[in-house]
2 protein chains.
Amino acid sequence: MPQKKPTRPDATPAGRLVEARLHHVMGYQLAQATIATTLVYMREVGDPFELRPVEYTILSLINENPDGSAAQLAQALSVTAPNITMWIDKLEGRGLVQRTRSETDKRAQHLRLTDKGATLVTQATEKLLLGEREAFAHLSEGERTILIELLHKVALTRPARKG
Amino acid sequence: MPQKKPTRPDATPAGRLVEARLHHVMGYQLAQATIATTLVYMREVGDPFELRPVEYTILSLINENPDGSAAQLAQALSVTAPNITMWIDKLEGRGLVQRTRSETDKRAQHLRLTDKGATLVTQATEKLLLGEREAFAHLSEGERTILIELLHKVALTRPARKG
DNA sequence: TATTGTTATACTCTATAACTATA
DNA sequence: TATAGTTATAGAGTATAACAATA
């Protein structure tokens with residue numbers, strides 16, 4: 001029988017190192033958890049759709065916010081303006097996103113998904129949600145809900161520069 | 001009176017975009033929360049100590065696991081072997097880490113912090129914990145504890161490749 | 001043969017500066 | 001003057017391949 005090696009609650013998930021002090025640093029635990037979710041993301045979406053995490057998020061936000069601007073995306077994702085331009089260039093080049101000039105403000109542009117883009121992002125989200133549910137099945141439905149909400153609460157801190 | 005604009009529970013922390021579907025993707029919420037903790041990290045530790053997040057974590061893990069190996073660190077942080085070498089090179093160059101060859105296994109090396117390194121990491125962790133506590137004061141003590149434990153639980157998924 | 005650690009190197013991603021066209 | 005978006009480019013970070021030394 002494959003006896004599972006017992007883990008200390010303050011041990012690193014991999015590498016079996018002690019992390020007593022570090023254990024209470026939120027940024028560290030976020031990074032460790034992100035390693036796990038990134039694995040799931042790459043398997044379910046990243047590799048099969050050849051889509052980087054940022055690209056997926058950009059597509060999702062455009063999908064749920066038709067005719068939003070690049071500036072909004074840049075702020076939401078904490079990505080610089082030149083880089084948003086680059087990512088949208090790529091996505092437009094793949095025929096997933098459409099740019100149209102705004103009529104009311106000719107500097108700005110409206111972003112929309114093409115049918116192809118919308119189909120892709122819908123499939124991707126479906127796979128991701130199922131993949132996460134399966135990978136993190138050792139968390140209860142309630143625990144996952146609480147986790148999501150607490151993360152959201154942490155994220156809301158952002159706008160304030162100094163607390 | 002500065003009336004705070006009311007936010008929808010499924011809106012992005014910045015950029016005011018809707019994220020209804022995306023809201024339940026764990027990887028996305030982790031990324032959003034990480035933007036907030038990174039801001040705190042940079043202000044409290046990154047900028048004043050000129051220390052990248054990985055560097056801080058490496059120092060912390062060496063501190064709590066004296067005479068651990070580089071391979072263990074690489075695995076714990078999900079960083080490739082060549083890159084761990086590079087980071088330790090930098091930290092050793094700054095006089096924060098010491099490398100010594102293992103006697104029992106002459107391939108391996110033991111990693112230790114210098115006094116300077118130990119002092120630095122202790123100060124950094126102190127500032128970080130206080131900074132996070134202040135920045136995320138809108139979460140109760142209990143909520144922060146729960147968040148940490150749930151993140152740890154997510155991170156524990158890592159070793160299993162599929163399932 | 002497998003593992004620890006290293007070097008060399010290419011690739012991806014990100015940040016900064018400078019520019020345009022609008023407002 | 002400020003903002004939306006772009007171009008050009010440098011820098012940081014990461015990954016892969018190939019290697020030496022040891023197990």
Side-chain angles (χ1 to χ4, degrees), chain A residues 14-17 31 34-35 38-39 41-42 46-47 49-58 61-62 65 67-94 97-112, chain B residues 14-17 31 34-35 38-39 41-42 46-47 49-58 61-62 65 67-94 97-112:
Chain A
R16 313 254 168 233
L17 296 173
T34 298
I35 294 172
T38 300
L39 227 60
Y41 172 83
M42 288 312 290
D47 291 334
F49 295 98
E50 294 188 271
L51 212 63
R52 312 284 347 188
V54 219
E55 296 181 298
Y56 164 73
T57 311
I58 291 173
L61 288 176
I62 294 177
N65 300 272
D67 293 336
S69 72
Q72 280 179 301
L73 281 179
Q75 210 196 338
L77 301 176
S78 193
V79 168
T80 58
N83 291 334
I84 275 289
T85 296
M86 185 203 64
W87 288 118
I88 296 177
D89 279 350
K90 280 195 178 183
L91 295 171
E92 195 183 31
R94 288 175 64 176
V97 170
Q98 268 188 335
R99 284 192 247 227
T100 56
R101 279 266 155 242
S102 166
E103 284 303 317
T104 54
D105 182 342
K106 286 180 183 167
R107 295 170 304 180
Q109 63 192 5
H110 295 316
L111 298 172
R112 273 183 175 277
Chain B
R16 312 256 168 232
L17 296 173
T34 298
I35 294 172
T38 300
L39 226 61
Y41 172 83
M42 288 311 291
D47 291 334
F49 295 98
E50 291 188 275
L51 212 63
R52 310 294 319 175
V54 218
E55 295 181 299
Y56 164 73
T57 311
I58 291 173
L61 287 176
I62 294 177
N65 300 273
D67 292 336
S69 72
Q72 281 179 302
L73 280 180
Q75 210 196 339
L77 301 177
S78 191
V79 167
T80 59
N83 292 333
I84 276 289
T85 296
M86 186 202 65
W87 288 117
I88 296 176
D89 279 350
K90 279 194 179 182
L91 295 171
E92 195 183 32
R94 288 174 63 176
V97 169
Q98 267 189 335
R99 282 193 248 230
T100 57
R101 278 268 155 240
S102 167
E103 283 304 317
T104 55
D105 183 342
K106 284 180 183 168
R107 295 171 304 179
Q109 62 192 2
H110 295 317
L111 298 171
R112 272 182 177 279

All N/O contacts under 3.5 Å from nucleotides 17-20 of chain D to the protein, with atom names and distances to one decimal?
none

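Taking atom CD on A:Glu55 and atom C1' on C:dC13, their separation rounds to 11 Å, with Å as the unit. Rounded to whole Å, atom C1' of C:dG5 lies 14 Å from atom CD of B:Gln72. When the P atom of C:dT6 is taken as reference, atom CG of B:Asn83 falls 12 Å away, rounded to whole Å. For A:Ile88 and D:dT6, the CD1 to P distance is 7 Å, given to the nearest whole Å. Taking atom CD1 of residue A:Ile58 and atom P of nucleotide C:dT14, one finds them 10 Å apart after rounding to whole Å. Nucleotide D:dA10 holds its C1' atom 15 Å from the CE atom of A:Met86, rounded to whole Å. The distance between atom CE of A:Met42 and atom P of D:dT14, rounded to the nearest whole Å, is 15 Å. Put simply, CD1 on A:Ile84 is 16 Å from C1' on D:dT7, counting in whole angstrom units.
Between B:Leu51 and B:Arg94 there is a side-chain heavy-atom pair separated by less than 4.5 Å.
Under the 4.0 Å criterion applied to side-chain N and carboxylate O atoms, A:Lys90 and A:Glu55 are not assigned as salt-bridge partners.
When all heavy atoms of A:Val97 and A:Glu92 are compared, the closest pair comes out as O-CG, 3.4 Å. Of all the heavy atoms in A:Ile35 and B:Ala76, the pair that sits closest is CD1-O, 4.3 Å. Of all non-hydrogen atoms in A:Ala108 and A:Arg101, the two that sit nearest each other are O-NH1, 3.0 Å. The nearest pair of heavy atoms linking A:Ser102 to A:Thr104 is OG-OG1, 3.1 Å.
Close to D:dT14, at under 4.0 Å from its OP1 or OP2, lies no side-chain N or O of B:Thr80. Residue B:Thr85 places none of its side-chain N or O atoms closer than 4.0 Å to OP1 or OP2 of C:dG5. Under 4.0 angstrom from either OP1 or OP2 of D:dA12 there lies no side-chain N or O belonging to B:Arg52. Residue A:Trp87 places at least one side-chain N or O closer than 4.0 Å to OP1 or OP2 of C:dT14.
At least one donor-acceptor pair closer than 3.5 Å links the side chain of A:Tyr41 to the backbone N or O of A:Arg52. A donor-acceptor contact shorter than 3.5 Å is absent between the side chain of B:Ser78 and the backbone of B:Ala74.
Counting non-hydrogen atoms under 4.0 angstrom, A:Ala70 reaches the backbone sugars and phosphates but no base.
Using a 4.0 Å cut-off on heavy atoms, the residues of residues 100-109 of chain A that approach DNA chain D are A:Arg107, A:Ala108, A:Gln109, listed by number.
Place A:Ala71 and B:Pro53 on DNA chain D by their nearest nucleotides, and A:Ala71 ends up nearer the 5' end.
A donor and an acceptor atom, one from each side chain of A:Thr80 and A:Asn83, are located under 3.5 Å apart.
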